[in-house]
Amino acid sequence: MAQPTLTFPRPVFAKLSPHPFLLRSLCPQSESDPAGRTNGRAPREARSINIHTSSLSHAHGSAVIRTGDTTVICGVRAEVLPVASIPQFRPRAAFEEETETSKRAELKNYDLLVPNIELATGCAPQFLPGVPPTALAQTLSTRVYSLLHGSGMVDVEDLRIWKRQKKEGEMEVDEDGEEEREEQELVGYWVLYVDLLFVSFDGNPFDAAWTAVVAALKDTKLPVARWDTEREAVVCSRESRPLKVRGLPVACSAAVFLEKEYGEPGEGRHWILLDPDRLEETLCREVITMVVDCSSGETRIRAIEKQGGTVVGRELLRGFAGVAEQRWKEVSKAMQ
Amino acid sequence: MPREAEPSLNERQFVLQALTENLRLDGREFDKYRPLELTFGDEYGVADVTLGKTRVLAKTSAEVTVPYVDRPLDGIFTIATELSPMTSPAFELNRPTETEVLLSRLIEKTVRRSGAMDTESLCLVAGQKCWSVRVDVHVLSHDGNLTDAACFAVVAALRHFRKPDTSMEGGVLTVYTPAEREPVPLSWLHSPFCVTWSFYGEEGEIALLDASWSEEQIRVGSCTISLNRHGEICQIAKLGGTPVEAVALLQCTNVALTKVKEFSTFLDKKLAEDAKRRDKGGLMAELSAENDR
Amino acid sequence: MPATREPEADLSVLPKADGSARYSYAGYTVTGSVNGPIEAQRRDEHAYEAHVDVIVRPAAGVGGTRERHLETTLQSSLTQLILVKNFPRSLIQIVLQVESAPENDYVNTKLVQASLNFAIIPALLQTAVLALLSAAVPMRATATSAIVAVVSQDGASELVADPSPREVEAAQSVHVLAFTSQDELLLAESEGDFTVKEWDDVYDTAKRICCQSGATKGESIEMVLDEKGDNGPDMRQFLRSTLETKVVADLYWK
């Protein structure tokens, strides 16, 4: 009788010793065994992305993103903020020129774009109920906030609500009639609350969250708002117009997997795993995220974040731009 | 989390024995403070106070906000004292210890409740806009007598602080940036300081000023007296501990007054020096608004 | 605030902490303390290595999401530097207290800001490394960091090292890079709008600031000093000289 050998089914092996499990999968012993990640993907292969928009009926824009087992819902809700309720509001003096910088500062100073991220209880085992937002959630929301403001996707002009005083005899209100001589006064802003909820979490949260934000913003339609002089309030009409979104920044993340689990960093081989899942994320220290926008025809980088290790140097980062470009094509296709 | 080591019996006895022989570990007299130092930062409203090895940094900031609904004519004035693990690994973030709670209450009572700052002057538009002035107290190192050092730092930072200038025109409030208009000082009414006594002995008959950390750990009681240079007492806190003779406490108050006068003069001197340092072309001599009240 | 001012640092400024440092440069002043290895809490305990806990405290206001982000960034970088495997089941606690940050005279600052604060990362990292050295925590390497902004003026872009808050605001892109003492890229954070080519230039500039003395390994220190010229501060040399000064001061009795 043959010796009973100690064998485990794959999930048990993965739980017991995740590092050797992934390592073995990446460098197979025999020819017949193709090298690959435990999730069946090639190292530079990302999960396909699935986007659904306008699924929330009470939000002004929404998107549901699914990549593998990571699912995020993003809802954009617009609220009217009268300038009287902005404590630090300061009207722009007539002589001040409006620049891209001043527009961005306006969005930032008055907090007109407010992202919030929630990692739902149970979306992954590490998120427990009844605890304050985890460091991960806070870090993610800072990154989304920063990118949202830094990428200049939303123009503050779109969010301004004006009080237009027509000249006499022109009582008929025509919203889009851009009359040169009419006087206009800024009375309020639209504030966009961008809420993200992770329904299920299987690694690479930033890419999914950011894609969801972009898709939801592209889907956002703001009601036409104007100042009603008689009622002294902002009124919205039933018609709405889509929010203008400039550019299409796409985030692309990867993690660096080292051959030696507890060895010195830099020893042995390493693999760059694109779009890591939860198992891979727990085994990798070094992560890299690049946000690119190729919508203008030229590849513009919007953000780079690389931390937690020393494997990725200049050359690898440069090469990664190409990988990010590829990812941009996939995501922009999915967006359509 | 690691805890602070308690003094051993030997240490305890050594200090106490010395005290009965009129000696303190660092050779100070009983009513002497350790050398007090104060430096202002490059910006307005930053005061770095060292008292021996105790070091406290206070930073004042102001921003325009909406006033509380129940106090539409008042500005907002808050003092935040959070001890970080920098002070000692025994402190944990977001989990206030007794030291921290006592410290913040004493400073709150001394500075805020005694009306040291005119909060009504912080109101900009009644019920709509007001200044929110906030002092953050950062304890960098704790070697006893945190209260006195922190209180001194708070008062110094507030008196050094300048908030942006504002104007109202046709119902529109404009907050000027420092580049447009020189910032203005806060409306300050009086400067209260804390003086803490520590008591030793069976009946608390030995009283020490400015106890160091090792002395603080073995005291049988303490009393913090807050008053200004005019001898007006803002608060007295003797929170439990061995009962102390009323007459002795009176004596303590008298000594406290002389100390407060010293503090007050010291702070005035430092503020004047700093104003001189910032003086560019003699303009500041006119703008200097440090009143002596 | 003159941004060209030389960096300054004092080691072991706090009497009670295991190690501490106060670092100021380009308007930033940060005090850092290091305690460790100390007992870790159950939830932070790791069977094979020390847990590195980084706490960033702003000068004014309470720490918010952006401090959490800074903490995460620093923690992942410092874990790489510290020989964490030497201290299983323990905690190395690093507290970084911001004392002052350069102010922009042209805007009224808001207390609570949610966006990333790139410009402060080099000061925080440098302080943390100095404090760790002062606490004699064993490390694989030290690290130096630099911030470079790409400012476009009249169509031509220009690289500005240690930009002022005003320059950061108007910049096309802002980059923070950190290198270990073995010239490896430890941290790269960029934001704005730029191309791979621009990033390459930024990389060169940052590397020159961070690793100058590394480029002339084996040569005498005087040589490095001569070469300095207008290249901006030499962070690695600064780190070295700070420690040398401290060691000389500590061993004066010998």
Side-chain angles (χ1 to χ4, degrees), chain A residues 88 90 99-101 104-105 108-109 111 114-115 117 133-143 145-152 247 249 261-266 285-288 290-291 293 298-314 316-318 320-322, chain C residues 48-49 63-77 79-81 83 85 107-110 112-118 140-141 143 166 169-171 173-180 182-200 203-204 207:
Chain A
Q88 70 274 33
R90 184 175 173 179
T99 59
E100 189 60 29
T101 313
R104 281 188 194 183
K108 221 170 195 170
N109 287 344
D111 279 325
V114 190
I117 293 188
T134 53
L136 176 66
Q138 296 195 39
T139 305
L140 279 176
S141 81
T142 311
R143 287 171 69 189
Y145 181 101
S146 228
L147 194 53
L148 205 51
H149 283 272
S151 60
E261 189 177 7
Y262 293 107
E264 281 284 294
R285 286 242 162 109
E286 186 166 5
V287 286
I288 166 168
M290 196 182 274
V291 181
D293 189 352
E298 182 194 14
T299 307
R300 306 290 300 182
I301 306 175
R302 295 312 181 105
I304 295 178
E305 181 160 318
K306 177 222 112 93
Q307 51 181 259
T310 50
V311 171
V312 176
R314 182 188 210 156
L316 272 170
L317 241 153
R318 249 191 236 158
F320 195 72
Chain C
Y48 300 103
E49 55 182 48
T65 51
R66 80 164 172 180
E67 276 71 29
R68 290 299 95 69
H69 178 265
L70 290 174
E71 285 166 9
T72 318
T73 307
L74 288 169
Q75 195 222 17
S76 71
S77 304
T79 310
Q80 289 296 313
L81 297 178
L83 291 171
K85 279 159 203 108
V107 288
N108 282 309
T109 39
K110 257 192 338 172
V112 181
Q113 291 190 341
S115 63
L116 289 177
N117 189 358
F118 269 156
R140 186 170 69 87
R166 215 169 162 221
E169 201 176 73
S173 56
V174 187
H175 312 261
V176 172
L177 289 101
F179 294 88
T180 64
Q182 283 131 23
D183 291 355
E184 299 157 319
L185 181 65
L186 177 69
L187 176 80
E189 300 260 328
S190 307
E191 190 184 54
D193 186 358
F194 54 99
T195 58
V196 178
K197 171 80 185 56
E198 277 173 326
W199 188 82
D200 255 0
Y203 181 93
D204 286 333
K207 184 149 186 181

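So you know, we letter chains A, B, ... as the sequences are listed, proteins then strands, and number each from 1. Everything numeric in this text was worked out from a predicted model, so none of it was measured.
In terms of heavy atoms, C/Val196 sits closest to A/Arg318 at CG1-CG, 3.5 Å. Contact between A/Thr310 and C/Thr180 at its shortest, heavy atoms only, is CG2-CG2, 3.9 Å.
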*Do A/Arg300 and C/Glu198 pass the side chain to side chain contact (heavy atoms under 4.5 Å, CB included) test, and can you show the C-alpha distance, the side-chain angles, and the key distance before you say yes or no?*
CA-CA 10 Å; A/Arg300 306 290 300 182; C/Glu198 277 173 326; 4.2 Å; yes

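Heavy atoms of C/Thr72 lying under 4.5 Å from chain A belong to its backbone as well as its side chain. Contacts of A/Val287 with chain C are absent, with no heavy-atom separation under 4.5 Å from either backbone or side chain. For chain A, no part of C/Gln75 is nearby; none of its heavy atoms comes within less than 4.5 Å. Contacts between C/Thr73 and chain A at a heavy-atom distance below 4.5 Å involve backbone atoms as well as side-chain atoms. Of the atoms belonging to A/Leu148, not a single heavy atom falls under 4.5 Å from chain C. Interface remark: A/Arg314 contributes backbone and side-chain atoms alike to the contact with chain C (heavy atom separation under 4.5 Å). Within the 4.5 angstrom heavy-atom criterion, no atom of A/Glu286 approaches chain C. Residue A/Ser151: no heavy atom, backbone or side chain, is found under 4.5 Å from chain C.
In terms of non-hydrogen atom pairs under 4.5 Å with chain A, the most contact-rich of C/Phe118, C/Tyr203, C/Phe179, C/Trp199 is C/Tyr203. Contacts with chain C were tallied for A/Thr99, A/Thr101, A/Ile304, A/Thr139; A/Ile304 has the most, counting heavy-atom pairs under 4.5 Å.
Rounded to the nearest 0.5 Å, atoms CZ (A/Arg302) and OG (C/Ser190) are 13.5 Å apart. Here CD of A/Gln138 is found 8.5 Å from CD of C/Glu71. Values are rounded to the nearest 0.5 Å. The OG atom of C/Ser77 sits 8.5 Å away from the NZ atom of A/Lys306 when rounded to the nearest 0.5 Å. With rounding to the nearest 0.5 angstrom, the CZ atom of A/Arg143 is 7.5 Å from the CD atom of C/Glu189. Taking CD of C/Glu67 as the reference point, atom OG1 of A/Thr142 lies at 9.0 Å (rounded to 0.5 Å).
Looking at A/Gln307, its side chain never comes within 3.5 Å of a backbone N or O of C/Leu187 through a donor-acceptor pair.
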